[in-house]
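One structure is given below, encoded as structure tokens.
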Protein chains: 2
Amino acid sequence: MRPTIKHVSKIAGVSTKTVSRVLNGERYVSEETRDRVQQAIAHLKFVPSMAARSLAGKRSHQVALLYDNHSPHYIHQIQTGVWTRCMEEGVRLLAQPSDVASPMLAQHVGELIDQTRVDGVILSSPVTDAIAVLDELEARGVPYVRISPGTEHSRSSSVAMDDVQAADDMTTHLINLGHRRIGFIVGHVNHTASDQRLFGYRRALDRAGIPFEPRYVRQGDFDFASGEAAGDVLLDLANPPTAIFASNDDMAAGVLTVAHRRGLSVPGDLSVAGFDDTALASQLWPPLTTVRQPTRDLAYAATGLLFSGETVHRRLPHELVVRGSTAPPSIQS
Amino acid sequence: MRPTIKHVSKIAGVSTKTVSRVLNGERYVSEETRDRVQQAIAHLKFVPSMAARSLAGKRSHQVALLYDNHSPHYIHQIQTGVWTRCMEEGVRLLAQPSDVASPMLAQHVGELIDQTRVDGVILSSPVTDAIAVLDELEARGVPYVRISPGTEHSRSSSVAMDDVQAADDMTTHLINLGHRRIGFIVGHVNHTASDQRLFGYRRALDRAGIPFEPRYVRQGDFDFASGEAAGDVLLDLANPPTAIFASNDDMAAGVLTVAHRRGLSVPGDLSVAGFDDTALASQLWPPLTTVRQPTRDLAYAATGLLFSGETVHRRLPHELVVRGSTAPPSIQS
DNA sequence: CTGTTAGCGCATTCAT
DNA sequence: ATGAATGCGCTAACAG
């Protein structure tokens with residue numbers, strides 16, 4: 001038979017309530033009593049039943065993570081970050097794949113809450129922007145934190161990187177190498193980060209006094225094929241770019257492929273840069289310079305906010321991983 | 001206030017026990033009563049409390065999935081498959097990253113079981129081969145199913161693909177194209193699939209009457225760098241292979257990089273093949289021919305076995321995705 | 001600082 | 001085919 005707090009209380013010579021106090025780290029328990037109880041717990045290898053705790057108490061010691069089909073790499077980073085923080089808190093994690101396209105999503109989330117009474121919810125992109133879900137969570141009074149939300153920023157605590165600054169940094173890096181004709185491939189139109197990355201690109205050009213040329217900017221949608229298409233157009237221009245900065249790595253991989261086909265050496269003839277959205281960079285050849293996003297840390301921090309109850313918007317720093325961008329051909333001589 | 005079965009029973013004009021019967025799909029409830037109850041449930045938007053169910057009953061309506069650092073792609077496929085099957089069964093999924101290197105793993109799993117009383121556990125590679133975990137689960141009488149176990153095959157139900165046959169198929173494909181000198185890069189030594197893939201390679205050669213040449217086989221460890229190293233050695237041979245079959249796609253990507261560096265065209269000068277362990281294939285250039293593993297289906301099927309209680313070992317079919325292997329240069333005319 | 005009493009929302013056992 | 005009583009293991013609200 002599995003031991004219960006009753007057994008523990010008997011062995012420790014205290015009431016069940018006192019055991020409960022120790023379990024929940026409540027104050028007003030003497031050092032000595034606490035020790036006795038903890039010894040009894042260790043002795044019996046007692047582990048409290050989640051079911052009983054959540055039925056009797058206000059907390060379930062569980063949190064849910066909502067996510068939708070981003071790249072497996074992204075999901076993995078997110079899960080790892082959230083899970084790590086949950087472990088520290090002694091809380092279990094409920095994985096909840098979601099379909100933001102489904103009109104039932106909010107209802108499913110509502111049922112999840114009712115069934116499990118989770119203590120809080122972490123929303124990762126793109127579920128962060130499902131208004132119906134936010135409404136549902138608020139209607140039920142469930143705390144939630146969002147990772148890189150695209151809209152409704154004031155509705156909850158959130159954690160994000162600075163996409164504008166990251167794109168600015170990367171563009172500035174290319175400019176500092178000597179590039180003046182820098183192609184840019186915009187990300188998917190529905191993705192807020194796309195606008196921000198474009199903005200950062202423009203800001204860096206402005207600051208350097210390089211005129212913005214619309215023909216160096218192409219629309220993509222975050223996948224390999226759109227990167228290929230945009231790369232082809234950019235390299236067909238009369239005065240083609242000496243560097244191409246794609247809004248993510250899938251598109252950057254597309255550009256690399258196009259360069260291959262044309263016999264361009266990378267980065268000798270063309271420097272290619274991107275973000276590490278899918279962690280492709282380390283497996284590509286020729287190499288890619290990328291913005292390393294702190295996805296795991298974002299998830300970890302977001303979960304921390306959930307537990308602390310703070311309402312804030314945190315920014316976490318990114319990092320430039322230079323691996324394959326050089327000076328433009330003209331000044332390499 | 002959240003509705004309970006008490007409210008439902010009042011509205012339906014039956015006892016709480018009858019509501020419980022409907023909830024659990026028990027027999028001996030008249031059609032008419034069942035309908036009335038279901039209407040009441042829908043009317044109140046009643047959702048049963050998981051905590052109360054698992055505290056009172058024998059089932060928790062939760063299963064746990066144990067996994068360790070494989071590629072994010074692998075984990076994602078596994079999770080999706082398991083989760084999909086769980087949804088069909090109305091069961092929640094507890095994500096449980098594990099560290100097979102930790103001596104505490106079995107204990108952590110034991111605590112998980114005690115805390116949550118999960119109805120069953122799915123083990124994915126490499127947790128499948130953590131003997132201490134199997135012992136712990138059996139000691140507690142918790143049903144479990146393993147996905148592609150490497151050892152102790154008789155201890156539980158399992159689901160797997162046929163790695164021998166898959167490697168055989170791929171090798172045969174290359175032979176049929178006209179290749180006679182086929183390089184092979186073995187996977188990580190601790191991975192059972194590595195042996196099997198090597199065996200399949202040899203079997204196909206034998207059947208075709210092609211002598212096995214040890215110098216065409218190199219040891220790798222499933223990562224990009226080991227693929228590069230092995231590729232270099234193979235292409236430096238006096239009579240180099242016209243095709244290289246790597247035991248996974250990370251290593252195959254390494255081979256592609258080496259080919260690039262040497263100015264070899266792929267697949268014109270060299271055909272490269274692999275498995276889709278990390279789903280790299282679609283993002284690589286030049287293209288790669290791969291064995292598509294039914295990872296998602298394996299997970300789905302494994303979860304089904306958990307619910308059915310059957311004790312069997314199932315094999316699921318793989319698929320060859322030919323995308324970039326051609327006849328060897330010598331017979332391309 | 002510690003104990004007592006009650007009850008969370010269900011499934012179970014045993015009735016009928 | 002349905003209902004009544006009991007308790008799962010814990011925490012809440014109080015009392016001391």
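All chains are named by letter (A, B, ...) in the order of the sequence lines, taking the proteins before the strands, and each is independently numbered beginning at 1. Note that the structure is a prediction, hence the values are computed from the model and not measured.
For A:R140, the salt bridge (charged side-chain N to carboxylate O under 4.0 Å, His left out) criterion is met by A:D114, A:E136, not counting sequence neighbours. Under the rule for a side chain to side chain donor-acceptor pair (under 3.5 Å), A:S54 has no partner lying at least two apart in sequence or in another chain. Evaluation of the salt bridge (charged side-chain N to carboxylate O under 4.0 Å, His left out) rule for B:D276 yields no partner, not counting sequence neighbours. Looking at residues two or more places apart in sequence or on another chain, you find a side-chain contact (heavy atoms from CB on, under 4.5 Å) between A:R36 and A:V14, A:E32. Partners of A:E152 under the side-chain contact (heavy atoms from CB on, under 4.5 Å) rule, at least two apart in sequence or in another chain, are A:I131, A:L134, A:R146, A:R155. Judged as a side chain to side chain donor-acceptor pair (under 3.5 Å), and not counting sequence neighbours, A:T16 has no contacts. In this structure, the side-chain contact (heavy atoms from CB on, under 4.5 Å) partners of B:T84, at least two apart in sequence or on a different chain, are B:T80, B:E88, B:R296, B:Y300. Contacts of B:H191 classified as side-chain contact (heavy atoms from CB on, under 4.5 Å), with partners at least two apart in sequence or in another chain: B:H70, B:S125, B:H188, B:A193, B:S194, B:F222.
Considering only side-chain N and O atoms, B:T33 lies under 4.0 angstrom from the phosphate OP1 or OP2 of D:dT2.
The salt bridge (Lys or Arg N to Asp or Glu O under 4.0 Å) pairs that include a residue from residues 56-80 of chain B are B:R59-B:D119, where partners are two or more places apart or lie in different chains.
Scanning DNA chain C 5' to 3' for nucleotides with an atom closer than 4.0 angstrom to a non-hydrogen atom of chain A gives a first and last hit of C:dC1 to C:dG9.
Interface residues of residues 136-143 of chain A facing DNA chain C, ordered by number: none; criterion, heavy-atom separation under 4.0 Å.
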Check your understanding: What string of B, S and - do you get for nucleotides 7-14 of chain D 5' to 3' if you count protein non-hydrogen atoms under 4.0 Å?
Key -> BBBBBBB-
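A side-chain donor-acceptor contact under 3.5 Å links A:Q79 and B:Q79.
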